[in-house]
2 protein chains.
Amino acid sequence: MSVQERKQRERAERERLIVATARELAEQQGWDAVTTRRLAERIEYSQPVLYSHFRGKREIIGAVALQGAAELATAVRAATSAADRPRARVVALARAYLDFAARNPAVYDALFQLDGGLAYAQEDTPEPLKDAFAALLETLGEVTGDGVQPGLFTEVFWAALHGLATLTRAGRLLPEDAEPRVELLVDRLAMV
Amino acid sequence: MSVQERKQRERAERERLIVATARELAEQQGWDAVTTRRLAERIEYSQPVLYSHFRGKREIIGAVALQGAAELATAVRAATSAADRPRARVVALARAYLDFAARNPAVYDALFQLDGGLAYAQEDTPEPLKDAFAALLETLGEVTGDGVQPGLFTEVFWAALHGLATLTRAGRLLPEDAEPRVELLVDRLAMV
DNA sequence: AATCGATCCTAGCACCGCTAGACAATCGAG
DNA sequence: CTCGATTGTCTAGCGGTGCTAGGATCGATT
């Protein structure tokens, strides 16, 4: 029995290695550089091994995305829990979100820009994604204002953050004015 | 002389054909399906002809993007000019923007999602892009509110719209609630 | 120790963006 | 009108991509 268990452990370990390597390579040189050949070479296995763990490249992207979603949720919760007043919590949330996107561009791309084959806003949405949204909802729910559904408010606030994150990263917005943009967004959207 | 002129005209015509075909193909089957081979086949020329008009595929995407920017600006101006009160203009702007993104997903991708090799937020930004931003600024400038730069406000509002557009298109937001999201966004962000 | 199943790799498919070089059509000079 | 030069286009091919079939090899079990 323990032989099989060891094999399973090694297999799981190798799968982690694949995801970590893909993520690392993507952060270093962009997702375009993450080819199955390069990835296989880095983990020191041949290409087909990748396909014994994942259906294809998109599933590898999806795995990185799920990892990122969990980290994003953690980062947001850590930032908001450190602030005591509602407005400060929202500001902290916004900063943490944009900071995460800026520091982990490849992961953010895997989450929201690339096709990782993940289902969103549905019944079978993976848990980490639902939880990341929940992390936003926890803080934004208390500044939603009257007559508005917290879920709807969170979607709009999230969309605004997402827009800022992607447009900034794509060079459409200059990063210098990031802070006043956050201030403006929070001042107007959040009912504090 | 007129022979050369005719050739130039034919060349320009063929260039339009390339851009139009690329756009059409992208809208029909997505940008992944826009390969140089398929594109060449559709315009009934060989691949290298494409490279006598554009440096490469990204420049073709860029050409579609510029076309889209001009149309977006037109659509926004048409929508806003049909409304008489400031709030109605902002709502019309938001609807027109999201509508454009929903109706021309491939063009919207070329503009903001893909790499078309275009410069943004800079000195040498192509005119259509600057003009599209100007179209937003014209309407949003009058609802910016005190103590805020219209440019900054426009960036934030635009980012929110962009976020809604992309997240909706990617299946991250359900399209059913689009209208209340717009209402919420305008109610909160615009100082009417 | 022999067997047999799991595991992995080599080799290759069809496709991608892009380009060198051959070829044909057209133009201008004599 | 002829002939060389120029312009335009195409065929063929390069190195790369994601992905997979099929053979080889290894190791656990009998």
Side-chain angles (χ1 to χ4, degrees), chain A residues 1-19 21-23 25-26 28-65 106 109-110 114-118, chain B residues 1-19 21-23 25-26 28-65 106 109-110 114-118:
Chain A
M1 260 308 176
S2 91
V3 171
Q4 288 188 6
E5 285 175 7
R6 192 204 67 216
K7 286 199 176 185
Q8 276 193 341
R9 250 184 301 131
E10 288 174 352
R11 224 186 117 73
E13 178 54 37
R14 193 173 61 182
E15 189 158 316
R16 273 193 297 274
L17 178 63
I18 292 173
V19 176
T21 305
R23 175 174 178 169
L25 192 51
Q28 285 172 357
Q29 312 184 32
W31 277 106
D32 279 352
V34 183
T35 69
T36 55
R37 280 173 179 78
R38 256 192 286 264
L39 189 50
E41 196 188 2
R42 285 227 181 174
I43 66 169
E44 295 181 314
Y45 281 94
S46 69
Q47 276 178 284
V49 166
L50 300 174
Y51 292 85
S52 74
H53 289 271
F54 302 95
R55 285 180 189 277
K57 190 182 171 180
R58 65 152 49 179
E59 265 199 12
I60 298 178
I61 296 173
V64 173
D109 279 348
L114 303 175
D115 179 13
L118 303 174
Chain B
M1 260 310 175
S2 90
V3 172
Q4 287 188 6
E5 285 176 6
R6 190 204 67 215
K7 286 199 174 183
Q8 276 192 343
R9 250 184 302 133
E10 288 174 352
R11 227 187 115 73
E13 178 52 38
R14 192 173 62 182
E15 189 158 316
R16 274 194 296 274
L17 178 63
I18 293 173
V19 176
T21 306
R23 176 175 177 167
L25 192 51
Q28 284 173 358
Q29 313 184 32
W31 277 106
D32 279 352
V34 183
T35 70
T36 55
R37 281 173 177 78
R38 255 193 286 264
L39 188 50
E41 195 188 2
R42 285 228 182 174
I43 64 169
E44 296 181 313
Y45 281 94
S46 69
Q47 275 179 286
V49 165
L50 300 174
Y51 293 86
S52 74
H53 288 272
F54 302 96
R55 285 181 189 277
K57 190 183 172 179
R58 67 152 48 179
E59 265 197 13
I60 298 178
I61 295 173
V64 173
D109 279 347
L114 303 175
D115 179 13
L118 302 175

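Chain naming here is simple, since letters A, B, ... match the order of the sequence lines and numbering starts at 1 in each.
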May I have the distance from A/I60 (atom CD1) to D/dT17 (atom P), rounded to whole angstrom? 14 Å
Tell me if the side-chain of A/Q47 makes a donor-acceptor pair with the base of D/dC19, cut-off 3.5 Å, by modelled atom types. yes
What's the CD-P distance between B/E10 and D/dT7, to the nearest Å? 17 Å
Do you know which two heavy atoms are closest between A/I18 and A/L39, and how far apart they sit? O-CD1, 4.0 Å
Measure the spacing between CG of B/L50 and CZ of B/R37 and express it to the nearest 0.5 Å. 11.0 Å
Could you tell me the separation between the CD atom of A/E41 and the P atom of C/dC8, rounded to a whole number of Å? 18 Å
Taking D/dT17, D/dT9, C/dC8 as options, the one with an atom nearest any side-chain atom of A/R38 is D/dT17
Non-hydrogen side-chain atoms of B/E59 and B/H53 separated by less than 4.5 Å: no
Taking the basic N atoms (NZ, or NE/NH1/NH2) and the acidic carboxylate oxygens, is any pair closer than 4.0 Å for A/R38 and A/E41? no
Rounding to a whole Å, what distance do you find between A/Y51:OH and C/dC9:C1'? 15 Å
Below the 4.0 Å mark, does D/dC19 have OP1 or OP2 next to a side-chain nitrogen or oxygen of A/R55? no
I want to verify a distance call: between D/dT9, C/dC8, D/dC19, whose nearest atom is closest to the A/Y45 side chain? C/dC8
Separation of B/W31 atom CH2 from C/dC16 atom P, in whole Å? 15 Å
With nearest nucleotides of DNA chain D determined for A/P48 and A/T35 from heavy-atom distances, which residue corresponds to the more 5′ nucleotide? A/T35
Pairwise side-chain contact, B/V34 with B/I61, heavy-atom cut-off 4.5 Å (strictly under): no
Looking at every strand, decide which applies to B/R58 at a 4.0 Å heavy-atom threshold: base, sugar-phosphate, or nothing. nothing
Atom CD1 of A/I18 and atom C1' of D/dC19 are separated, to the nearest Å, by 15 Å
Atom pair distance, as rounded to whole Å: CD1 in A/I61 and C1' in D/dG18: 11 Å
Rounded to whole Å, please give me the gap between CD in B/E44 and C1' in D/dC10. 15 Å
By nearest-nucleotide position on DNA chain C, the 5'-leaning member of A/S52 and A/R37 is A/S52
State whether B/T36 places a side-chain N or O below 4.0 Å from either non-bridging phosphate oxygen (OP1 or OP2) of C/dC18. no
Among D/dG18, D/dC10, C/dC8, the nucleotide that comes nearest once only the side chain of A/S46 is considered: C/dC8
At under 4.0 Å, does any side-chain N or O of A/R11 touch on OP1 or OP2 of C/dA6? no
